[in-house]
Amino acid sequence: MHLRFRLPHPVLLLLAAIAVAAVLTWLLPAGEYDRREDVATGRNVVVAGTYHRVEAAPVTPFAAVMAIPRGFAEGIDVVMTILLVGAAWFLVDRLGTLRHVVGAFVRAFRGRGLWAIPLVSVFFGSMGALENMQEEIIALVPVLLVLGGGLGVDAITVLAMSLGAAMVGSAFGPTNPFQAGIALKLAELPPLSAGGVRLAMLVAGLALWIAWTLRHAVRHRTPPDESIEAAGERLGTRQIVILALILSPLAAYVYGVMRLGWGFDELSAVFLVGGVAAGLVGGLGAAGTVTVFLEGMQAMLPAASMVALARSISLVLADGRVIDTILHALATPLAGMSGLASALLMIPVHAVLHVAVPSVSGQAALTMPIFVPLADLLGQSRQLPVLAYQTGAGLTELFTPTNGALMAVLLAANVAWGRWVRFALGGALLALLVGVGGMLAVTLLGL
């Protein structure tokens, strides 16, 4: 008899992580860095060399439970984005538009469905590079699964060519305002510095990830769903208008992020408008649009809960004043090293730290003021700590259970976290080679 270990439900996994975080606040010494406001980014950043012990603040069991509703409050902008954006896509799907569009796409790739994987991956990888797309994909999971059924690929392939590609694009995207952008600002480097190397890293990282995805897709082909292909024959003018109404908010958001400093609240607002307009054009009427929209919000509630629970983990660690202690313990040994070895070892340091600090922008504000002066002290290029951060934190997004967006997508796609990790780790290791190669190139070119 063979016994197979099954990971618990994602909610239970995150609740267990909250409990572990609370236990760590009793085991680790409390400590903090001094902080100052950074004018360029508007964030509070740590001051290097100021770590000191503070009064212990262990998190009690009840306080750990209290962190759960606080996680919803702290992440309300992301939670509302998932609910409203998801409801808009749910409404469009209820109108039948998405199935028609997917059917037309499947018909275009009839008999060569695997060729669609690079195309879809490049789209999501580009969105990741432009605006750090992750949470937005949660709402797209149902239609992506339908697309996968039409192409004859499994759920892992669907997630790899969407969420996985977006995360790789986010990690290496030279213009990603939430990763490369903020890290370069904190390192006092020009926004597009070492642009050639960064662009090459993005292309190479996506190419390797797509190859890894195709390898899995070839080995796990499924019979294409012919009913999905047939649906593409009925794509009409009304469906095209509805599709335009639901895609225009995404285009507006990308522009808003790049030019106007938009965030999740603006994304929620434009999709609310687009979804309501699509419902009216689709003939649901005012009352029908509201009813379906509320149904869509209800359907997205489990995914939104994943994000809030993940936020609760970092809240517990912050309450216990141990996040800075973890950073100090990881960073201190690097000061005794020299040359490129110290910079390369920053990658696993960022990877470990990202489990405790699942926000990439928050991690940049926490670590760049520590690692950039360390690079100066060791005579390294400031590009190295930035690239180490992008590689370590960015690629850890692919599998850390404290990433709420990842857990929400896995829940929506009914894919076990362990199953996804077994696939993603191989692709992440390939992408890691790109990060290391980029750091070597920066060193050799003297950038």
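Counting from 1, the numbers follow the sequence of the chain as shown.
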Could you tell me whether the side chain of Q390 and the main chain of A388 form a donor-acceptor pair under 3.5 Å?
-> no
CG/L24 to CD1/I323 distance, rounded to the nearest 0.5 angstrom?
-> 11.0 Å
Counting only N and O atoms by type, is there a donor-acceptor contact under 3.5 Å from the side chain of W417 to the main-chain atoms of P10?
-> no
Measure from the ring center of H216 to the ring center of H220 and say whether it is less than 6.0 Å.
-> yes
Check the pair V386 / L186 against side chain to side chain contact (heavy atoms under 4.5 Å, CB included), numbers first and verdict last.
-> CA-CA 9 Å; V386 174; L186 291 171; over 6 Å; no
Which pair of non-hydrogen atoms, one from A304 and one from L83, has the smallest distance, and what is that distance?
-> CB-CD2, 4.1 Å
H354 side chain to G392 main-chain N or O, any donor-acceptor pair under 3.5 Å?
-> no
Check against side chain to side chain donor-acceptor pair (under 3.5 Å), Y51 and T332 = CA-CA 11 Å; Y51 176 80; T332 299; over 6 Å; no
Would you check if the side chain of T50 reaches a backbone N or O of V46 as a donor-acceptor pair within less than 3.5 Å?
-> no
Salt-bridge contact R311-E74 (side-chain N to carboxylate O under 4.0 Å) | no
Shortest non-hydrogen contact from L430 toward L208 = O-CD1, 3.5 Å
Side-chain donor/acceptor of T400 to backbone N/O of E397, under 3.5 Å = no
Taking the side chain as C-beta and beyond, is there a heavy-atom pair between V122 and I210 under 4.5 Å?
-> yes
If every non-hydrogen atom of G152 is compared with every non-hydrogen atom of R221, which pair is closest and at what distance?
-> O-NE, 3.0 Å
Passing candidate, side chain to side chain contact (heavy atoms under 4.5 Å, CB included) with L84, options F293, F271, F264 | F293
Between the CD1 atom in I18 and the OG atom in S312, the distance rounded to the nearest 0.5 Å is 4.5 Å
Option passing side chain to side chain contact (heavy atoms under 4.5 Å, CB included) with S170 (candidates V360, L395, L202, N176) = N176
Drop me the distance from T402's OG1 to L14's CG, to the nearest 0.5 angstrom.
-> 8.5 Å
Side chain to side chain contact (heavy atoms under 4.5 Å, CB included) between L95 and I242: does it pass, once the steps are laid out?
-> CA-CA 9 Å; L95 292 172; I242 292 172; 3.8 Å; yes
Contact check, side chains of D319 and T25, non-hydrogen atoms, under 4.5 Å = no
Answer whether the closest heavy-atom distance between the side chains of M407 and L411 falls below 4.5 Å.
-> no
Is T291 close to E295 at the side-chain level, that is, under 4.5 Å between some pair of heavy atoms?
-> yes
Nearest heavy-atom contact between F371 and A331 is CE2-CB, 3.6 Å
Heavy atoms from other residues, nucleotides or ligands near CD of Q298 exceed 12 (cutoff 6.0 Å) | no
Expected output: side-chain S305 to main-chain L301 donor-acceptor under 3.5 Å = yes
On a heavy-atom basis, the closest approach of R382 and A187 is NH1-O, 3.0 Å
Parallel under 30°, tilted from 30 to 60°, perpendicular over 60°: which one fits the rings of F423 and W420?
-> tilted
Are D324 and R53 close enough for a salt bridge, meaning some N to O gap below 4.0 Å?
-> no
With side chain to side chain contact (heavy atoms under 4.5 Å, CB included) as the test, would you mind laying out the steps for L163 and F124 before giving the verdict?
-> CA-CA 7 Å; L163 183 67; F124 281 102; over 6 Å; no
Is the side chain of S121 donor-acceptor paired with the backbone N or O of I117 at a distance under 3.5 Å, no angle test?
-> yes
Sidechain-backbone polar pair: T325 side chain, P29 backbone, donor-acceptor under 3.5 Å = yes
S193 and Q383 side chains, donor-acceptor separation under 3.5 Å | yes
T213, L410, D154, L145 screened by side chain to side chain contact (heavy atoms under 4.5 Å, CB included) with L159, the one that passes = L410
Does a side-chain heavy-atom distance below 4.5 Å link T391 with M346?
-> no
Which pair of non-hydrogen atoms, one from G173 and one from A129, has the smallest distance, and what is that distance?
-> CA-CB, 3.7 Å
So, do M167 and L406 sit near enough that their side-chain heavy atoms are less than 4.5 Å apart?
-> yes
Check: Q363 side chain, P358 main-chain N or O, donor-acceptor pair, under 3.5 Å = no
Side chain to side chain, Y33 and L327, heavy atoms closer than 4.5 Å = yes
Is M297 atom CE crowded by more than 12 heavy atoms from other residues, nucleotides or ligands, each under 6.0 Å away?
-> yes
For the side chain of W89 and the backbone of I138, is there at least one donor-acceptor N/O pair under 3.5 Å apart?
-> no
Evaluate side chain to side chain contact (heavy atoms under 4.5 Å, CB included) for R198 paired with L387, printing each intermediate quantity in order.
-> CA-CA 9 Å; R198 294 178 181 280; L387 290 175; 3.4 Å; yes
Student check: side-chain heavy atoms of L345 and V349 closer than 4.5 Å | no
